[in-house]
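This report concerns only the one structure given below.
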Protein chains: 2
Amino acid sequence: MVRKKVKLAFIENNTERRVSYRKRQKGFLTKARELNTLCDVELATLINSPYHNEPEVFPNNEAAISIFTKFINLPEEKKSKNMKTLEKITTKRIEKIEKELEKVRKENKKIEYTNQMYGLLNGEEMPNSRHPEDLNDLCYVINKTYN
Amino acid sequence: MVRKKVKLAFIENNTERRVSYRKRQKGFLTKARELNTLCDVELATLINSPYHNEPEVFPNNEAAISIFTKFINLPEEKKSKNMKTLEKITTKRIEKIEKELEKVRKENKKIEYTNQMYGLLNGEEMPNSRHPEDLNDLCYVINKTYN
DNA sequence: TCCACTATTATTAGTCG
DNA sequence: CCGACTAATAATAGTGG
């Protein structure tokens, strides 16, 4: 996918294939980490290749085993197609809990910002994460966003 | 990683996160397919997310299960370095509990045999499970084994 | 909510030392 | 064979409908 658009087929040349593997494994694991972090999903991967002796596991052995064991033990009908009522109910509950979670996060942010305001008013140091020029807007933002 | 360089952290906004997840899952699975095809390695992935009801499995259920089962059954030292404390601790605890269990079993046996001895001395029937010719040795065995 | 678009960044095939 | 580099393609955050 660069210099030359590459044909999606087994790379016959050994050296070329090994080099490509190294680069792409790196990229692949980065993508896994990003997806995992940005969206907080349960994600496991395992690669067996002749280019390393031990399997390459993400995120780590225990988590991967736990995620996969859970899947293996799922009853067949849950592994695919037809979703049962129980699962739908669970999904709804998860959605509800997520909304509550977001609310709590907002509340925490508000408290955090408000504390920063008080701290600043009492002459404390400006937190590293916040620039002085933000100060004028801080109070406005707090009220605008959270009330 | 585009328009704006994105911070590698959980995306708080629900909608934004869902959209990002969709796009990135697509990209991730593409990368998996490419690595798999170009370099012909054994590769399995599994994602559980609130954005789909069924786990997203690559390359397919059976292959993924087979690859992971193989891994789970590997001897510990092959599973590699990053086997963490949790599992070691669990293993140690199980070993300890098993030892205690064995001790308790021995204790129970001793009590059982001793009771049989008393029963015999008081003229009770020989238990079916024990032959008369064993009797000579019983007391010796009790002491030899358990003291 | 979800396309489709596109400006940008990220990935990587091939090159060089 | 390997690491660094870079030209070129690929992925995707934000946008507009």
Side-chain angles (χ1 to χ4, degrees), chain A residues 1-54 56-59 83 87-88 91-103 105-106 109 129 134 137 141 144-145, chain B residues 1-47 49-54 56-59:
Chain A
M1 296 154 196
V2 300
R3 291 286 171 111
K4 202 177 123 196
K5 184 165 172 165
V6 92
K7 195 176 85 176
L8 192 67
F10 180 69
I11 299 168
E12 304 270 348
N13 182 285
N14 277 341
T15 312
E16 222 180 287
R17 187 170 67 253
R18 192 235 274 305
V19 171
S20 197
Y21 177 77
R22 282 265 157 81
K23 290 177 176 182
R24 281 172 172 276
Q25 180 196 274
K26 182 164 166 277
F28 180 68
L29 292 178
T30 302
K31 289 294 172 195
R33 208 172 310 114
E34 287 176 355
L35 192 54
N36 191 233
T37 307
L38 292 168
C39 306
D40 193 33
V41 294
E42 214 174 57
L43 164 54
T45 79
L46 172 59
I47 314 173
N48 279 314
S49 97
Y51 311 118
H52 38 76
N53 296 324
E54 291 166 7
E56 187 66 47
V57 181
F58 177 91
M83 240 269 273
E87 200 155 347
K88 278 181 185 157
T91 306
K92 284 241 188 296
R93 279 191 52 204
I94 288 170
E95 280 170 5
K96 197 181 157 197
I97 289 168
E98 273 198 336
K99 274 188 185 151
E100 277 167 23
L101 188 61
E102 201 184 309
K103 206 170 137 194
R105 283 210 185 93
K106 274 193 176 179
K109 276 259 162 78
S129 58
D134 292 346
D137 301 326
V141 169
K144 171 96 177 175
T145 311
Chain B
M1 299 156 192
V2 298
R3 290 286 168 107
K4 201 177 124 197
K5 184 163 171 165
V6 92
K7 195 176 90 181
L8 192 67
F10 179 71
I11 300 168
E12 305 262 346
N13 182 286
N14 276 340
T15 313
E16 220 180 287
R17 187 170 66 254
R18 193 235 273 306
V19 171
S20 198
Y21 177 77
R22 283 262 161 82
K23 290 177 176 182
R24 281 172 171 277
Q25 180 197 273
K26 183 164 164 278
F28 179 68
L29 292 178
T30 302
K31 289 295 175 195
R33 209 172 308 115
E34 287 176 354
L35 192 54
N36 190 232
T37 307
L38 292 167
C39 307
D40 193 33
V41 295
E42 216 173 56
L43 164 56
T45 79
L46 172 58
I47 313 173
S49 96
Y51 311 118
H52 39 76
N53 298 322
E54 293 164 12
E56 187 67 48
V57 181
F58 178 90

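Chain identifiers are assigned alphabetically (A, B, ...) following the order of the sequence lines, protein sequences preceding nucleic acid strands; residue numbering begins at 1 within each chain. The figures that follow rest on heavy atoms only: side chains count, while hydrogens, waters and symmetry mates do not.
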- Query: Is a side-chain donor or acceptor of B/Thr37 paired with a backbone partner of B/Arg33 at a separation under 3.5 angstrom?
  - Reply: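 Answer holds: yes.
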
- Task: Answer yes or no: does a side-chain N or O of B/Arg22 lie under 4.0 Å from OP1 or OP2 of D/dT12?
- Result: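 No.
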
Are [X] and [Y] packed together at the side-chain level, in the sense that at least one heavy-atom pair is separated by less than 4.5 angstrom?
X: B/Gln25; Y: B/Tyr51; result: no
X: B/Leu35; Y: B/Leu43; result: yes
X: B/Arg17; Y: A/Leu38; result: no
X: B/Ile47; Y: A/Glu42; result: no
X: B/Ile11; Y: B/Tyr21; result: no

- Item | nucleotides 11-17 of chain C: protein proximity per nucleotide (B base, S sugar-phosphate only, - neither; heavy atom, under 4.0 Å) | BBBBS--

- Message: Rounded to whole Å, please give me the gap between CG in A/Asn13 and C1' in D/dC1.
- Response: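 To the nearest whole Å, that distance equals 13 Å.
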
- Message: Output the rounded distance in Å from CZ (B/Arg17) to C1' (C/dT1).
- Response: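 Distance check: B/Arg17 CZ to C/dT1 C1' gives 16 Å.
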
- Taking the side chain of B/Arg18 as heavy atoms from C-beta outward, which of C/dT9, C/dC2, D/dC2 is closest to it?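 When the side chain of B/Arg18 is considered, C/dC2 is the closest of C/dT9, C/dC2, D/dC2.
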
- Message: I'd like to know whether B/Lys26 forms a side-chain contact (heavy atoms from CB on, under 4.5 Å) with B/Phe28, so could you lay out the CA-CA distance, the side-chain angles of the two residues, the decisive distance to 0.1 Å, and finally the verdict.
- Response: CA-CA 5 Å; B/Lys26 183 164 164 278; B/Phe28 179 68; over 6 Å; no

- Message: Quick check on the helix from C/dC2-D/dG17 to C/dG17-D/dC2: what's the angle between its two end axes, five base pairs per end, to the nearest 10°?
- Response: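 Axis-to-axis angle, ends of the helix: 20°.
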
- Quick one: do B/Leu29 and B/Glu56 satisfy side-chain contact (heavy atoms from CB on, under 4.5 Å)? Show the steps, please. CA-CA 9 Å; B/Leu29 292 178; B/Glu56 187 67 48; 3.7 Å; yes

